[in-house]
Structures are given as C-alpha cells and as structure tokens.
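A quick write-up on the structure given underneath.
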Amino acid sequence: MITSEDILNAGILIVDDKEANLSLLEEMLRGAGYRSITSTGDPRGVFELHRQHRYSLIILDLQMPGMDGFQVMEGLKAIETNNYLPVLVQTAQPAHKLRALKAGARDFVSKPFDLAEVLLRVHNMIEVRLLHQDAELRTKEAEAREQTLGVSLTKIGALNTEIRNFYHTLSHELKTPLTSAREFVSIVMDGLAGPVNETQCEYLGIAKESCDQMRLYINDLLDVTRLETGKMNIEFQTLPLAALVERVVEMLGPAVAAKGLSLSCECQPGLPAVPIDKQRILQVLTNLTTNAIKFTPAGGHIHLGLSKAPADPKYLLVTVRDTGRGIPADQLGVIFDRAYQVHHNAGSIESRNGLGLGLYICHELVTLHGGKILVESEIGKGSTFSILVPQQAMTRGSHVLIVDDDSAIREMFRLVLETQNFEVTTAGGGTEALQLMSQRAPDLVVLDLVMTGLDGPAILKEIRLNWGLLPVIVCTGYPDSDLMRQAMEFSPFTLLVKSCPPAKFVETVQRMCGPVHT
Ligand code: ADP
C-alpha cells in the first residue's frame, strides 16, 4: 500500500539549465515535505544519474542548450525499457506540451509555475509510479509464494489483491491523460490556438463536460478501491450537520433550477454537533441529491430534511426526498449493492448513464461512520433516502485477532475495524496467533484457512481445546475445500467467503461483538 510517507520519500530529479528555476522548484517541493530531491543543470548527466538512482520522477525542462528535453527523453527510453518514462515536462509553450506527451512524457506543468498545479501533478505522478512498482513486486511475490507452496489455489487469493491494485493503478493512470485532454480543450476553447466559432465552441464545451464526467467516474473507482482495501481514511470532526445540508442545497440549487425542479430544506433547530468526516458526508449528501435531481422529471420537487431520529435518540436523521420516478419494490433490497443499476422496462437514458457505484459508496461511507442508510420508494411517486448518523463518538470496542498469511488482507481488515473503533491485533500465522492468545485472549478471532505451518483447522482445534467456544469467523476463499471440511469438526464458527465487501465484514464482526457506541 502506498502511504503519503512513501510519496514524500520518493526520489525526484529536477533538470533545468536555469539556476533560478531549479531553486524555485526545489523550494516548492521541499516546502511540501518532499525529502529526496536532486537538481542538475546538465542534461547530459541525466542518464547516469537515473541509471544509478532510478528516480520516481524527473521534472524536465524542454529548452536547454546542448541537449534539449526531447533528446533527454529519447535517451531515457534506453534505460526505462518497460515503456514508462517517469517524466513531467515543464514548458511555457502550449505547442510543446503535445509534442512532449507524444515523445513519452507522462504529464506537464506550465511556466510560470503555479504552486498548487505543480504539487498536484508531482503527487499524482509519483503515486502512479509507486503503484506500478508495487503491482510488479506483488505479482513477483505471489508467483514466488505459489512456487514455494505448490498450491495453485493461493493464486485466486493473490489475484484478488492484484486485480484491486490494477484498478487503483488504472484509475490514476486515466486521470493524467484526461487532465491533459481537458486542458487542451480549454486552450482551444479560449481561442489560444486560433479563432473558434460558436458551434465549435459548443462542441468543445460538450467534450469538456465529458472529461469532467469521466473524472467523476474515475473518482468513484478510486473510492471503491480505497474502501475495499481499507484505505478509506475517515477523519472525524465534531460538526453541525445542518451546515452541510445547507451547503448541498446551495451547491445544487442551480442544477435543480436548470432542470425545472423546486427544492426545499428544513433543519430542526438546536441539534447537537456530531462526529463526522465533513468531506465524506458532503459526498454522500451530494450523491443522493444529484440522484434525486437526475431521476425526477421537470416540475417535480426535492426536499432535504434534518432532525432527531424519531425511532432512535442515538442518531440524527437526514432525508433526501424526491417526487421522481421511484424504484421498483423488488429492487430496493439490492440498490446499495456494488455496480447495481435499477432495471426499468423502458431502460431510460439516465439509468444507463453511470457506473452504479454511487449508492454503494454512500452505503460504505455511512457504515464507516457507524450509521445506517435506508430507502423507501414507490413507483411513479418518488423516493426517500434516509441516513442515520450517530450522535456520539464511538468508543474503543472489543478486541479482534486477525490471523491471515496475506499481509494485504490483514492490513485491510485491521484498517476497517479500527475505523469502527475495534481494538485489533494481527498474526501472520498459527504459531504467532496462539502465542498472542496465550498472553491475552481476544473477544473474537478472524481466521484464514489456507496457511503454511499451522493451517486454519489446526488453529481452530487449539482454540476449542484451550479457549472453549470463543467466537471465530472463518474467512476463506475456499468454502468447498477439504480444509473447510476439517474445520467443520471444530464448529461453531461463522463463515465469510473472501473477498467479502468490507461493510459486510464489519457488520458480521459487529453482530458477533456488538457495535461500538457509548
Ligand atoms: P449511478 O452512479 O450509476 O447513478 P447509483 O448507485 O447512484 O448509480 O444509483 C443506482 C441506481 O439506483 C440508479 O441507476 C438509479 O436507477 C437508481 N436510483 C438512485 N437514486 C434514485 C432516485 N432518487 N430515484 C430513482 N432511482 C434512483
């Protein structure tokens, strides 16, 4: 998993013949926390430096005496044989940007430098580079592990992690050219590449909107991978929910008016501030309200409400209600599933326009807040989405021991449970697990089945002998295997099949240990 520390420690080489540019860029990057920066004014020295240090990023000037940036890129291709040049070019000339991208540069920054733009592009490029290297390393590890174990079944588990990594890398990879495409469209629209007539401008506007839409899809894909690898970081602050509801009304007011809808909002006064991640709850409310706008025909009405939850004083209740087309009753139970889109007989354009990830992400984010999301709907009359947000911060809960030889899975389970305030210990194998348990028994054990050394059934046998009916979740990708049959001898236990969605995992742990609230 790539952390912010990994990104800040990545090796960066700045190549520019002008001393002032070198020091300005270096200062910007050091100010942002980057630690491993080398600068050179000599383009010919780049090859040897890169051969020795394999930089994660080379920020390259294009116009230099003796050897220009294009020639430097040609030379780098001989070193980076896998077709990936970690090069970000810096240029003041729009025409050079396209040529540089064609020559193999991954992205560009415009001169004069804008701090925010430079930092965004540097961060994005390093993250992509590290993700590539990480994915390569994991594939090699998985292959080596398979050889050692001689068990082809492990491939499936390893692949689950590798595919997730692939999506994460892919999503980041798509963002870079998309940003370029959008910028070039803007350059042409603004008349910088020559005069543009009204029709051309209108068509370019459509192209720009499509880029923005695609960026939203990519963000959804990134969120899904973050959620499913436990990397979604929820940063709680105690805040009034009313401010967020009002913000959504303000932000989406123009879209409501443009579609000929009306909008109302009612927030019960005097409600307490609640522990939430502001950006993530805003994302949920924006998503639900955008859906309400999308699926309500002109003349309809949308209402946002905030109050105490009538049925449970532990929660505040936010509702997003619309008078739109509604959702068929038989599909209400699956509407929050990953990639689910409602099947209407007519198959309208709106429902085909999306990835079906929005409600899934909302559900996962609300669950990570210890809350719930519900839907009621009637065909032709409208839908109401309700979010229950806990009023109290969660307290430290039961102690869960996770036993799995796959470090990525251990880490993912640990992160999702810690976000829910469970206390988590992990072990990479049976001997370590039993040793930890003898020092301090957990309230629940999450157990993998296929492991080298002591396997799942052997550990389960020890648990039953020494800790009686201690609750156990067996989490395996091979529910039909012989190991599973052996494990059954030491039941009871709860079975989860890998890779189960994190929200289901959390719900199962909560069901067995109790949710963590004051
Ligand atoms: P997408 O991102 O593709 O819009 P969502 O997960 O947000 O997907 O929504 C899934 C499906 O649920 C949509 O395709 C739509 O058919 C249905 N849906 C969501 N919100 C509403 C609503 N307010 N009214 C009617 N249908 C809705």
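The structure displayed is predicted, hence computed values, not measured ones. Each ligand, and each atom within it, is numbered from 1 in the order the structure gives.
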Interfacing atoms of ligand 1 (cut-off 4.0 Å, heavy-atom, Lys294): 4 (O)
Nitrogen or oxygen of Gly358 less than 3.5 angstrom from that of ligand 1: yes
For ligand 1, is there an atom lying under 4.0 Å from some heavy atom of Gln331? no
Below a 4.0 angstrom heavy-atom separation, can you tell me which part of Asp220, side chain or backbone, both or neither, approaches ligand 1? neither
Tell me which part of Leu359 gets within contact of ligand 1: side chain, backbone, both or neither, using heavy atoms under 4.0 Å. both
For Ser383, the ligand 1 atoms with a heavy-atom partner under 4.0 Å come out as 24 (N)
With rounding to the nearest 0.5 Å, note down the distance linking CG in Leu483 to CE in Met451. 9.5 Å
Does this structure show an ion pair linking Asp448 with Arg410, if we count only N-O contacts that are shorter than 4.0 Å? no
Tell me every residue that passes side-chain contact (heavy atoms from CB on, under 4.5 Å) with Glu507, counting only those two or more places apart in sequence or in another chain. His363
With sequence neighbours left out, the residues meeting side-chain contact (heavy atoms from CB on, under 4.5 Å) with Ala10 are Ser56, Ile126
If you count the atoms of ligand 1 from 1 in the order shown, which ones are under 4.0 Å from a heavy atom of Phe385? 20 (N), 23 (N)
Considering only heavy atoms, does Thr296 approach ligand 1 within less than 4.0 Å through its side chain, its backbone, both, or neither? neither
What distance separates Asp223 CG from Leu357 CG, expressed to the nearest 0.5 Å? 9.5 Å
Which of the numbered atoms in ligand 1 are under 4.0 angstrom from any heavy atom belonging to Arg325? 16 (O)
Could you walk me through whether Glu411 and Arg414 satisfy the salt bridge (charged side-chain N to carboxylate O under 4.0 Å, His left out) test, starting with their C-alpha distance in whole Å, then the side-chain angles of each, then the deciding distance to 0.1 Å, before giving a yes or no? CA-CA 5 Å; Glu411 185 66 4; Arg414 188 177 66 75; 2.8 Å; yes
Just which atoms of ligand 1 are under 4.0 Å from any heavy atom in Ile327? 25 (C), 26 (N), 27 (C)
Any ion pair linking Asp404 and Lys498 (charged N to carboxylate O, less than 4.0 Å)? yes
